[in-house]
Amino acid sequence: MTATGTAHPPAFWLRDNCPRGACHDPRNGQELFQITDLPEDLAVGASASEGPGT
């Protein structure tokens, strides 16, 4: 939980579910990394809300 009382998904889940084009092969949508390639100390550096209701 953050100081404002909102919860954030775990950093590994966020990284594994990245919707950015740079994270996926444009031809087939396959991820360009393996979750096991991520560092063990992966952490969220900052976050921002976008859109209504967020």
(request) Could you tell me whether the side chain of Asp16 and the main chain of Phe12 form a donor-acceptor pair under 3.5 Å? (result)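 No; zero donor-acceptor contacts below 3.5 Å.
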(request) Look at the side-chain heavy atoms of Ile, Leu, Val, Met, Phe, Trp and Tyr, link any pair under 4.5 Å apart, and say whether Leu38 and Trp13 land in one connected group. (result)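 Each belongs to a different hydrophobic cluster.
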Would you tabulate the side-chain donor-acceptor contacts of residues 22-36 under 3.5 Å, counting partners in other chains and residues two or more places apart, or write 'none'?
| from | atom 1 | to | atom 2 | distance (Å) |
| --- | --- | --- | --- | --- |
| His24 | ND1 | Arg20 | O | 3.2 |
| Asp25 | OD1 | Arg27 | N | 2.7 |
| Asp25 | OD1 | Arg27 | NE | 3.1 |
| Asp25 | OD2 | Arg27 | NH2 | 2.7 |
| Asn28 | OD1 | Gln30 | N | 2.8 |

(message) Just verifying a value: how many Å separate Leu14 CG and Leu42 CG, rounded to the nearest 0.5 Å?
(response)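 If I round to the nearest 0.5 Å, the distance is 8.5 Å.
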